[in-house]
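One structure is given here, and the rest of the page talks about it.
Proteins get letters first, then strands, A, B, ... in listed order; numbering begins at 1 in each.
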Amino acid sequence: MKPSYTREQKLTIVYGILTIVLLLVVLQLYMLAATMNAYLGGDETIIVPTAIASLVCFALNAGLLCYLYKIEET
Amino acid sequence: MLTNKQNQINVKSESPCQQQQRWRKDFPIDWPQDRFIARRDFTKFMVLISLAFVFGQFWILIQNFLRQRRGKLPLRAIAKINEIPVGGAKTFSYTQEYDSCVLVRLDANTFVAYSQECTHLSCSVVPKVERGCFQCPCHEGYFDIANGRPLSGPPRRPLPRIKLKLQQDTIYAQGVELRMI
Amino acid sequence: MTVSHDMEFFIDATRCIGCQACVQACSECDTHKGHSMIHLEYIDRAHSVQTAPMVCMHCDSPTCAEVCPADAIKRTDDGVVMTALKPRCIACNNCVLACPFGIPKMKTEFKLMMKCDMCYDRTSVGKRPMCATVCPSQALFFGTREQVEHLRPNSLPVNQFQFGAQIITTKVNMLLPQNGQSEHIDVTAAMSEQTIGNTMVANILMDNFYFNEEKDHAHQ
């Protein structure tokens, strides 16, 4: 018996996931702005770490979204 | 006696909701489900923006790689020494056609050159030699004319400095120095 | 704020006396601009004055909502199907054509479908719908199943109907006789037949002749 969430529970879950995704997106925005500023100022050491960090943030976001779609399929 | 059994038909094991096509389930009739789907779609939009930011980061990475590959920058003649009076200025392009730069003669023996793009939002800065600064008219940003560092206003980074070389009465631009502070 | 689970709507068409009180009460509400969302159907107007009140049946799988191209018809979580949302309705008439009970009313002049929503502004706070409140014979009854069983022991509440191959389960119950049998009426069976109208006999030629003769007599 696969546990199915009630509609209220699903709404709570989506609110929680949306909060996390928004925080990660804001973090990515800050990283992009800081990286661009650094690059234009000549600092090249920051570029690769922030690119990897941004990719990790996106992977987390995509995973959370996949989970949201998964709880709908019964 | 009316009974339901008289009108029984075989129903599949899935509920009617599950039998629906994907696009029907994405536009639910019930309000609670509609709220859930609306928020899920907003999350999807946010994840797409996240992907766009990743593309931005990798674009910077590619630009950096291409810049490193370009190697040594060319030498370009700007002007002869006697062309520019004390306190005068001349605009030129270095390294690309659209990279506008400005050469300023502070006194008889001092020449400085910087990129003309303000480090705030790339408006052209205007040299004000008598006041010892560059002024960006867009948002009232000021840069020190001697070292290109921001004095006041929105800019936070100094102007990129153009490295100069004097060769037989002609001033040449030979490199760009990007600075963070 | 939801409709209480044990309160249900019951219609007993045999009790309807055609007084139109429900129609008047419904049209007093401003949420549908003074237009009544309930109407009375005359069963056989030529031979009888019997009427049946028609309200939205609030189906479990509402056909009107399923066919709406603009997603304008929504259902609350207590099962009440709402009237069309004004920002979305395009007055395409799909719901009017689709509803097996013929409930949605299209107001083309302001491009909106309107239908009974079981007075959700009243039922969600514990009151009864307007029509059920004013019905003098209580053909429209809003109460618990226990009340109906106690008050009307000879009636059986039914909420499943079959239209062709579509079996519809509704929130609104119709009260039928306890010992009745389900009637299957094939509405398309008579489609290809000739209509049988009532022949009207009016001796107009004879009446005319009579009239002229009288006039002649008068002249003479």
Query raised in the report: Under 3.5 Å, side chain of B/Asp30 to main-chain N/O of B/Pro32, donor-acceptor pair present?
Result: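 Between the backbone of B/Pro32 and the side chain of B/Asp30 there is no qualifying donor-acceptor contact (under 3.5 Å).
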Query raised in the report: Between the main-chain N or O of B/Tyr142 and the side-chain N or O of B/Gln135, is there a donor-acceptor pair closer than 3.5 Å?
Result: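 No; judged by distance alone, with no hydrogens or angles, the pair does not exist.
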Query - Closest approach of B/Ile145 to B/Val112 (non-hydrogen atoms, all atoms of both residues) - result: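 So the minimum-distance heavy-atom pair works out to O-CG2, 3.7 Å.
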Query - Shortest non-hydrogen contact between A/Val14 and B/Arg39, atoms and distance - result: CG1-CB, 3.8 Å
Requested in this report: Under 4.5 Å, counting heavy-atom pairs only, tell me which of A/Leu55, A/Ile17, A/Leu64, A/Thr50 racks up the most with chain B.
Outcome: A/Thr50
Query raised in the report: Using a cut-off of under 4.5 Å for heavy-atom pairs, which of A/Val21, A/Ile13, A/Leu40 has the most such pairs with chain B?
Result: A/Leu40
Requested in this report: List for me each residue that meets side-chain contact (heavy atoms from CB on, under 4.5 Å) alongside A/Glu44, sequence neighbours excluded, and say none if there are none.
Outcome: B/Asn64, B/Arg67, B/Gln68
Query raised in the report: Using non-hydrogen atoms only, which part of B/Ile49 is less than 4.5 Å away from chain A: side chain, backbone, both, or neither?
Result: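 It is the side chain, since no backbone atom gets that close.
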**Report entry** chain B contact via A/Leu65 - which portion, at a heavy-atom distance below 4.5 Å
**Finding:** side chain
Query raised in the report: Checking side-chain contact (heavy atoms from CB on, under 4.5 Å) for the pair B/Arg40/A/Tyr69: CA distance, chi angles, key distance, verdict?
Result: CA-CA 8 Å; B/Arg40 190 188 70 182; A/Tyr69 276 91; 3.5 Å; yes
Kindly list each side-chain donor-acceptor pair under 3.5 angstrom involving residues 22-33 of chain A, sequence neighbours excluded, with atom names and distances?
unit_1	atom_1	unit_2	atom_2	d
A/Gln28	OE1	B/Ser50	OG	2.4
A/Gln28	NE2	A/Ser54	O	3.2
A/Gln28	NE2	A/Ser54	OG	3.0
A/Gln28	NE2	B/Ser50	O	3.2
A/Gln28	NE2	B/Ser50	OG	3.4

Requested in this report: Count the heavy atoms belonging to other residues, nucleotides or ligands that lie under 6.0 Å from CD of A/Glu8, then report whether that count exceeds 12.
Outcome: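 Not more than 12 within 6.0 Å, no.
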Query raised in the report: Is it the case that more than 12 heavy atoms not belonging to B/Glu97 sit under 6.0 Å from its CD atom?
Result: no
Query - Residues in residues 54-62 of chain B that sit under 4.5 Å from chain A, counting heavy atoms only - result: B/Val54, B/Gly56, B/Gln57, B/Phe58, B/Ile60, B/Leu61
Requested in this report: Report, by ascending residue number, the residues of residues 154-181 of chain B in heavy-atom contact with chain A at a distance under 4.5 Å; give 'none' if the set is empty.
Outcome: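 So the qualifying residues are B/Arg157, B/Leu178, B/Arg179, B/Met180.
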Query raised in the report: With respect to the side-chain SG atoms, do B/Cys138 and B/Cys123 come within less than 2.5 Å?
Result: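 Yes, the SG atoms sit under 2.5 Å apart.
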Query raised in the report: Is the closest basic N to carboxylate O distance between A/Arg7 and B/Asp34 below 4.0 Å?
Result: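 No, this pair does not count.
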